[in-house]
Amino acid sequence: MAKEAEETEETEETGRAGQVSGETAESTRETDEGRSDRSTSSVKDEQVGTYMYLPKRQKKEIERAYTVLKAEYEYEYDADFEKNRHFFPLLVQRGLDGLDGLDVSEVRDQLSEFDR
C-alpha cells in the first residue's frame with residue numbers, strides 16, 4: 001500500500017514536471033516584434049502525453065538543462081521556448097539518435113551506469 005502511494009506521488013510529480021510556473025500549454029505564433037503570442041491551440045491537442053519514471057539525478061539534470069537552454073534560447077531569439085512543445089521532443093529525439101546503431105551489449109553497458 002505504501003509503495004502504491006509512493007508511485008502515485010511520483011506520477012503526480014512527473015506530470016507536474018512538464019509545467020513551468022506561468023507557462024501554459026497553448027501554442028505560439030510569432031508577432032512582428034518576434035516575441036510569441038499565445039493562440040488557442042493546446043500542446044495537449046497536438047502531442048501525446050507520456051509519463052516517465054526517472055532517477056532523481058536525471059530529473060534534476062533535465063530541469064537544469066531546460067532552465068539554461070530556455071534562458072539562452074529566449075535571449076538569443078526573443079521567442080518562447082516551451083518545455084512540453086519544444087524541449088521534451090528535442091530531448092527525446094536527441095536521445096533516440098544516441099541509441100541508433102547501438103547493439104545490445106552497448107545498451108547493457110549504458111544501463112550499468114544507472115546502477116551506480
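Quick note: residue numbers are just sequence positions, from 1. A quick note: this is a predicted structure, and the numbers were derived from the prediction, not measured.
- Under a hydrophobic clustering in which Ile, Leu, Val, Met, Phe, Trp and Tyr are joined whenever their side-chain heavy atoms come within less than 4.5 Å, directly or via other members, Y66 and L54 fall into the same cluster.
- Looking at E61 and K56, no side-chain N of the basic residue comes within less than 4.0 Å of a carboxylate O on the acidic one, giving no salt bridge.
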Cut-off 3.5 Å, no hydrogens considered: what does the side-chain donor-acceptor table look like for residues 96-104, sequence neighbours left out?
| unit_1 | atom_1 | unit_2 | atom_2 | d |
| --- | --- | --- | --- | --- |
| D97 | OD1 | Q93 | NE2 | 2.9 |
| D103 | OD1 | S105 | N | 3.0 |
| D103 | OD1 | S105 | OG | 2.7 |
| D103 | OD1 | E106 | N | 2.9 |

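- Scanning for side chain to side chain contact (heavy atoms under 4.5 Å, CB included) contacts around Q47 gives V43, R85, P89, with sequence neighbours left out.
- The structure places CG of L91 at 14.5 Å from NE2 of H86, a figure rounded to the nearest 0.5 Å.
- Distance alone, capped at 3.5 Å, places no donor-acceptor pair between the E82 side chain and the F87 backbone.
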Apply the test salt bridge (charged side-chain N to carboxylate O under 4.0 Å, His left out) to residues R108 and E113: give CA-CA distance (whole Å), side-chain angles for both, the deciding distance (0.1 Å), then the verdict. CA-CA 9 Å; R108 185 178 179 137; E113 292 181 20; over 6 Å; no

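- By the 4.5 Å heavy-atom criterion applied to side chains, D80 and Y73 are not counted as neighbours.
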Practice problem: Report the C-alpha distance between E63 and K83 in whole Å, list the side-chain angles of each, state the deciding distance to 0.1 Å, and finish with yes or no for side-chain contact (heavy atoms from CB on, under 4.5 Å). | Solution: CA-CA 10 Å; E63 292 297 323; K83 186 179 272 185; 2.9 Å; yes

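- Taking the side chain as every heavy atom from C-beta outward, V92 and T50 never approach each other to under 4.5 Å.
- Looking at Q58 and M52, their side chains never come closer than 4.5 Å, going by heavy atoms from C-beta outward.
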